[in-house]
Amino acid sequence: MRAVKVDHEVAGGFGLGEAADPVPGPGEVLVRVAAFSVNFGEVHGGPDGPGTGRVPGSEAAGVVEAAAADGTGPAVGSPVVTLGADGGWAQLRAVPSGLAAPLPAGTDPGRAATVGVAGTSALRAVRRLGDIDGERVLVTGATGGVGRFAIQLARRSGARPVAVTRRPERDGDALRALGAEEVVASAEQVEGPVRGVVDSVGGPQLVAAFDRLCEHGTLVTVGHSSGDDVVFPYGALLGRPGAHDRSLVTFFLLSTTDLAPDLTWLATEVDRGSLDPGIAWRGPWDDIASATTALLDRTLHGKAVVDIT
Ligand SMILES: NC(=O)c1ccc[n+]([C@@H]2O[C@H](COP(=O)([O-])OP(=O)(O)OC[C@H]3O[C@@H](n4cnc5c(N)ncnc54)[C@H](OP(=O)(O)O)[C@@H]3O)[C@@H](O)[C@H]2O)c1
């Protein structure tokens, strides 16, 4: 099959080539991929990045080519959106049947492919905040993939989102359009208590956001885009009068393989325009270097959608 593979010799770090067809396990479906989504985290690489020749890609959508041998999951011919650790940037992909979610007929696979990691993570995080109707909810990394979904999902739950972005003057209007009620440059600037926090930045932002939680408030830490260590000052976890009982929740998305209902719901909402994943680039896969280089030098903000042509 044809696939995009890690190739450190080419601009952007990825090139189109040949790869072995995946062999699905008994509980896996084989999917013919029509489109996939590219996130900054997947092209970032660095010392922990994927090795040469590997086929990356967590988010892809297409049509089931072969159903799972154990009878689970969608049938042959079903349009699906898929999620996995890698292998999505290819003509064929094998995924556990619980990570191949059926799509309504006619769903744009490119739009559906945008929900995999960021959408499901944000949905899970917002759910963990509990009842947030009418409450202030702080979202760090608000312009990122997770942050954009978290703002919109919190708003839909009746919350009053407070968005944190390093550049409020540039991104404020767009974040307000997504549902943010306030836009600030750092969690330190947030005045007054918040009921919940969805943090994808980590480091000092997490520490300051945790400090803003009210009694029974919850901070869900999704990621660590800043790369900074999280260091709580002495006594910070004991809180203050009226804010002693607070929770800090962690999770790793792919530790579960039953995300299909969430994937279907998110993809359907994105396809009908009720959720905006922030698609900033869309093109054919022989032009993937345009997307990966722009993501790497941070001139492209948002998601790149790649069509397999
Ligand atoms: N737990 C899990 O299973 C799970 C699932 C999904 C994602 N994650 C993690 O969650 C994090 C966010 O993912 P994402 O897809 O939303 O990332 P993203 O699209 O790259 O967005 C990250 C955002 O963080 C902000 N940021 C603040 N300080 C930053 C810094 N020093 N360097 C870079 N960005 C900074 C940026 O917003 P501004 O420029 O506007 O400030 C940026 O838009 C990543 O660490 C990812 O690995 C974890």
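Position 1 is the first residue of the sequence, and the numbers go up from there. Just follow the structure's listing: the first ligand is 1, and inside any ligand the first atom is 1.
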Flag if over 12 foreign heavy atoms under 6.0 Å of CZ, Arg128: no
Atoms in ligand 1 with a heavy atom of Phe252 nearer than 4.0 Å: 3 (O)
Considering only protein heavy atoms, which is closest to atom 46 (C) of ligand 1, and at what distance to one decimal place? Gly223 CA, 4.6 Å
Could you check if a side-chain atom of Phe210 sits within less than 4.5 angstrom of a side-chain atom of Gln205, using non-hydrogen atoms only? no
What atoms of ligand 1 come within less than 4.0 Å of a heavy atom belonging to Ser226? 30 (C), 31 (N)
Looking only at heavy atoms of Arg298, does any of them come nearer than 4.0 Å to an atom of ligand 1? yes
Considering only heavy atoms of Gly141, which atoms of ligand 1 have at least one such atom less than 4.0 Å away? 23 (C), 24 (O), 25 (C)
Compute the shortest N/O to N/O distance between Val222 and ligand 1 and return yes if it is under 3.5 Å, no if not. yes
Do the non-hydrogen side-chain atoms of Arg111 and Val81 ever get within less than 4.5 Å of each other? no
Could you tell me which atoms of ligand 1, counted from 1 in the order shown, lie closer than 4.0 angstrom to a heavy atom of Val201? 24 (O), 25 (C), 26 (N), 27 (C), 28 (N)
Hey, are the side chains of Glu181 and Arg155 touching, using non-hydrogen atoms and a 4.5 Å cut-off? yes
Classify the contact between Ser121 and ligand 1 as side chain, backbone, both or neither, using a heavy-atom distance cut-off of under 4.0 Å. side chain
Asp173 atom CG: more than 12 heavy-atom contacts under 6.0 Å: no
Atoms in ligand 1 with a heavy atom of Phe40 nearer than 4.0 Å: 20 (O)
Within-cut-off N or O pair, Arg166 and ligand 1, under 3.5 Å: yes
Taking 4.0 angstrom as the limit and counting only heavy atoms of Val117, give me the atoms of ligand 1 inside it, by number and element. 5 (C), 6 (C)
Measuring from the heavy atoms of His224, does anything fall under 4.0 Å of ligand 1? yes
Tell me which part of Leu253 gets within contact of ligand 1: side chain, backbone, both or neither, using heavy atoms under 4.0 Å. both
Full working for salt bridge (charged side-chain N to carboxylate O under 4.0 Å, His left out) between Glu59 and Lys303: CA-CA 11 Å; Glu59 310 174 329; Lys303 287 198 175 280; 3.6 Å; yes
Protein heavy-atom partner closest to atom 22 (C) of ligand 1 - residue, atom, separation in Å: Ser225 OG, 3.2 Å
What I'd like to find out is whether the side chain of Thr120 reaches to under 4.5 Å of the side chain of Leu266, using heavy atoms alone. yes
